[in-house]
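Heads up: the structure comes next, in structure tokens.
Index from 1, following the sequence. Only a predicted model underlies this, so the values are computations on that prediction, with no experimental measurement involved.
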Amino acid sequence: MNTGPGVSVVIPTHNYARFVGAAVESVLAQTYPPLEIIVVDDGSTDDTSEVVSRYADKVRYVRKANGGVSSARNAGIALAQRRSCRAA
């Protein structure tokens, strides 16, 4: 059982359909499971949404207008669940 603090993983992407599936698979393969995986599509014009849809039950997908990687990352962070951590 995972007793550590929850970890949210934010994957910003823009026209990286060829890589985003591998990024999601890498997160899912970790021994420490994430609290959530958020893929922020920064206005892609390729098939990024189709690739991410394969993980619909494991990933939160958000599409926004293109604003750059920092904008996409910040949008994902803003959407991440907030959980308080307590010391044992």
Side-chain angles (χ1 to χ4, degrees):
M1 176 181 224
N2 179 359
T3 59
V7 175
S8 295
V9 176
V10 176
I11 302 172
T13 185
H14 175 75
N15 289 336
Y16 280 115
R18 64 192 181 276
F19 300 119
V20 72
V24 172
E25 289 291 337
S26 177
V27 174
L28 294 173
Q30 299 300 308
T31 56
Y32 187 90
L35 174 64
E36 61 187 340
I37 303 170
I38 303 170
V39 175
V40 181
D41 183 346
D42 194 38
S44 294
T45 57
D46 64 0
D47 7 335
T48 294
S49 62
E50 289 82 14
V51 173
V52 177
S53 71
R54 297 178 204 151
Y55 303 96
D57 59 331
K58 298 176 179 103
V59 169
R60 183 173 176 189
Y61 174 76
V62 179
R63 182 173 170 82
K64 62 177 268 333
N66 183 264
V69 68
S70 296
S71 168
R73 187 179 302 111
N74 289 339
I77 291 168
L79 293 169
Q81 294 182 21
R82 305 281 185 223
R83 299 266 168 98
S84 63
C85 299
R86 295 184 191 164

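Minimum interatomic distance between Thr48 and Ser44 (heavy atoms only, all atoms of both residues): OG1-OG, 3.5 Å. Between Glu36 and Gln81 the shortest heavy-atom distance is OE2-N, 2.6 Å. Here the closest non-hydrogen pair linking Val10 and Ile77 is CG2-N, 4.0 Å.
Screening residues 47-58 for salt bridge (Lys or Arg N to Asp or Glu O under 4.0 Å) gives no qualifying pairs among residues at least two apart or on separate chains.
Panel note: side chain Asp41, backbone Val62; no donor-acceptor pair is recorded below 3.5 Å.
Note: the hydrophobic cluster containing Val39 also contains Leu28 (ILVMFWY, side chain heavy atoms under 4.5 Å, direct or indirect links).
In this structure, the side chains of Ser53 and Tyr61 stay at 4.5 Å or more apart for every pair of heavy atoms. You'll find the side chain of Val27 reaches within 4.5 Å of the side chain of Ile37, heavy atoms only. The closest side-chain heavy-atom distance from Val40 to Thr13 is not below 4.5 Å. A heavy-atom distance below 4.5 Å is not found between the side chains of Ile38 and Val59. Using a 4.5 Å cut-off on side-chain heavy atoms (C-beta onward), Arg60 and Leu79 make contact.
Not counting sequence neighbours, the partners of Lys64 by the salt bridge (charged side-chain N to carboxylate O under 4.0 Å, His left out) test are Asp42.
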Residues 16-25, side-chain donor-acceptor partners within the protein, below 3.5 Å, at least two apart:
unit_1 : atom_1 : unit_2 : atom_2 : d
Glu25  : OE2    : Tyr55  : OH     : 2.8

